[in-house]
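Okay, so here's the structure we're looking at.
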Amino acid sequence: MKKYNHWINGAEVAPASGEWFDTVDPYRGEAWAQIARGTKADADLAVSAAHEAMKVGPWASMTPTQRGKVLHKIGDLVIENIDRLATLEARDNGKLLAETRGGLKYVAEFWYYYAGLADKIEGSVMPMDKPDLLGMTYREPVGVVLALTAWNSPLHFLTIKCAPALAAGCAAVIKPSEFSSVGSLEFAALAKQAGLPDGVLNVVTGFGGDIGAPLVEHPGIAHVTFTGSDVTGAKVYAAAAAGMKRVAMELGGKSPNIIFADADLELAAAGAVSGIFGAAGQMCSAGSRLLVQNSIKERFTELLVARAREIKIGDPMDASTQMGPIATAPQFKKVLDYIEIARSEGARCVLGGKPAHGPGIVGGQFVEPTIFADVNNSMRIAQEEVFGPVLAIIGFEDEAEAIKIGNETAYGLNAAVWTSDIGRMLRMSKALEVGTFWGNTYRTYSFTMPFGGMKRSGVGRENGIEAINEFLETKSVMISMSAIRPTNNFIPR
Ligand code: NAD
């Protein structure tokens, strides 16, 4: 069994604790590698390596164009190593190999996109209200960035945080989820191969309390970018605030997927199935609340059940598998608990509702595609994030009621609407309180489109040009061009 160390300053570093822990293949339910158990001493080492890289290393003296070329090469190496990385990811978190491979192709695109942006970060020269005074702004890297990531898409999260951070000239420390750290460690070695100077991208592993918290509190961290649950996010946010750090929080969701009677129902059913059963529902953007207009509710539910019943569950490495296991043992228990909660609240289970068994299903962490009808939006199954293959169907009468139910949630990550009425589509896109709105589609992403949440779904935006601004500080520079400029000419601050 391979034993993984931290990756600090361009090399493997054994944990100061001298301890490693197992990482488990959720399909087989067996340990397949060992991960370093990080502590504060390792956090200190990684942050200091990132500081050195930003201040005195070659990274500091490279031009933005040179930095962009390195980021481009990272994208190339992701493509060259796609089979190896996709297999590692699928093994570590149980996602389908087809999905991890598709995801990694897109990871490369992110690196290319931010490679191109590296030398397009511009300051301004301001029109001044005083004579003989030059006023301008510099856009400078904010400092060392800490990226804390969740287990469901480790390399995607690493990339959407680190590609813009590095394009801005920052250095980074990544602490991946303790459930799926291998991909990030292998990625860091590839980045070195691409020419990324030592210390610019460091990966330390371990548990949130042992090493995540000391990293957030570390005075050398300028920005904390987090993807995970809102409960942990709130703790991290508070700790970062104490140190007056910048934050970006990508948190959970309870997204409404809204089907009107005038939609193309076959397309909508396909979108609803992929929106909740893709990645076995372990997506922040899962369309876990399906709002269906009352006039088609019975018919649409039948359509959905017929499709979902056909989902092939099994080995993530098998190309014919459509749904894999739940990634972690605690998450498996949580999903089953929510199924019981839904039953006890009076929701009607029309499909699934128990652990899945059968040919090709081993390891014991599978849940059947599960659909609950007769859900009321105030039930816990409609309000709390399950993060599993469990769908709650809620009826609505008209547009006004769809908006009301859609917005009656603590979350605001994304929403989708299926309709053939373009006026309604546009009205809904404005009325729903979410960071991303989809019309007649679901789970559509682009590196050019900002992504993030409103309300408890988060703070800040990732992707697109906007993401780079999160990693830049604006410095105002005013220089007198006259021999003497008495300071009392200025409005005091
Ligand atoms: P989590 O909140 O348990 O953990 C996220 C990360 O934070 C992990 O690396 C963990 O080790 C670390 N951590 C835990 N406690 C910490 C502490 N006190 N200080 C610093 N770091 C700490 O999340 P998870 O279970 O890994 O992921 C599932 C959650 O992630 C779901 O709620 C899901 O909605 C959310 N998610 C959000 C998005 C998004 O983009 N909005 C994407 C995927 C997942």
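Numbering starts at 1 and runs along the sequence shown. These figures come from a predicted structure and were not determined experimentally. Side chains are part of it too, since the values below use all heavy atoms of this structure and drop only hydrogens, waters and symmetry mates. Read the numbers this way: they start at 1 and go in the same order the structure lists the ligands and their atoms.
With Gly208, Ala239, Pro154 as candidates, the residue nearest to atom 22 (C) of ligand 1 on a non-hydrogen basis is Gly208. Considering each of Gly228, Ala248, Ala238, Ala213, the one bringing a non-hydrogen atom nearest atom 18 (N) of ligand 1 is Ala213. Heavy-atom proximity to atom 32 (O) of ligand 1, evaluated over Met249, Glu385, Gln331, is greatest for Glu385. For atom 4 (O) of ligand 1, the nearest non-hydrogen atom from the set Trp151, Phe226, Phe387 belongs to Phe226.
Atoms of ligand 1 lying under 4.0 Å from any heavy atom of Thr232, numbered from 1 in the order shown and given with element: 1 (P), 2 (O), 3 (O), 13 (N), 14 (C), 15 (N), 16 (C), 22 (C). The distance from ligand 1 to the heavy atoms of Lys175 drops below 4.0 Å at these ligand atoms: 9 (O), 10 (C), 11 (O). Within the listing of ligand 1, atoms 34 (O) sit less than 4.0 angstrom from a heavy atom of Gly252. Close approach to Leu148 involves these atoms of ligand 1, each under 4.0 Å from a residue heavy atom: 20 (C), 21 (N). Taking every heavy atom of Phe157 and a limit of under 4.0 angstrom, the matching atoms of ligand 1 come to 42 (C), 43 (C). Interface of Pro176 with ligand 1, defined as ligand atoms under 4.0 Å from a residue heavy atom, comprises 9 (O). Heavy-atom proximity to Glu178, at under 4.0 Å, picks out these atoms of ligand 1: 10 (C), 11 (O). Close approach of ligand 1 to Val236 (heavy-atom distance below 4.0 Å) involves ligand atoms 19 (N), 20 (C).
In this structure, Phe207 has its ring center closer than 6.0 angstrom to the ring center of Phe21.
There is a side-chain donor-acceptor pair under 3.5 Å between Thr444 and Thr441. The closest side-chain donor-acceptor pair between Lys455 and Thr409, if any, does not fall under 3.5 angstrom. Remark: the Tyr445 side chain and the Ser285 side chain contain an N/O donor-acceptor pair separated by less than 3.5 Å.
Using cut-offs of 30° and 60° for the angle between ring planes, the Phe179 and Trp151 rings count as perpendicular.
Salt bridge annotation for Glu368-Lys354: present, with a cationic side-chain nitrogen under 4.0 angstrom from a carboxylate oxygen. A salt bridge does not link Lys254 to Glu384: none of the charged side-chain nitrogens sits closer than 4.0 Å to a carboxylate oxygen. Salt bridge status for Glu473 with Arg246: present, with a side-chain N to carboxylate O gap under 4.0 Å.
Under 4.0 Å from ligand 1, not a single heavy atom of Lys235 appears. At a heavy-atom cutoff of 4.0 Å, ligand 1 is contacted by no atom of Leu215, backbone or side chain. Contact annotation for Ser457 and ligand 1: no heavy atom of the residue comes within less than 4.0 Å of the ligand. Only backbone heavy atoms of Leu251 (N, CA, C or O) come within less than 4.0 Å of ligand 1; its side chain stays farther off.
Checked against Phe372 for a side-chain contact (heavy atoms from CB on, under 4.5 Å), the options Leu391, Val390, Ile393 give a single hit: Val390.
Atom NZ of Lys105 sits in a sparse spot, with 12 or fewer heavy atoms from other residues, nucleotides or ligands closer than 6.0 Å.
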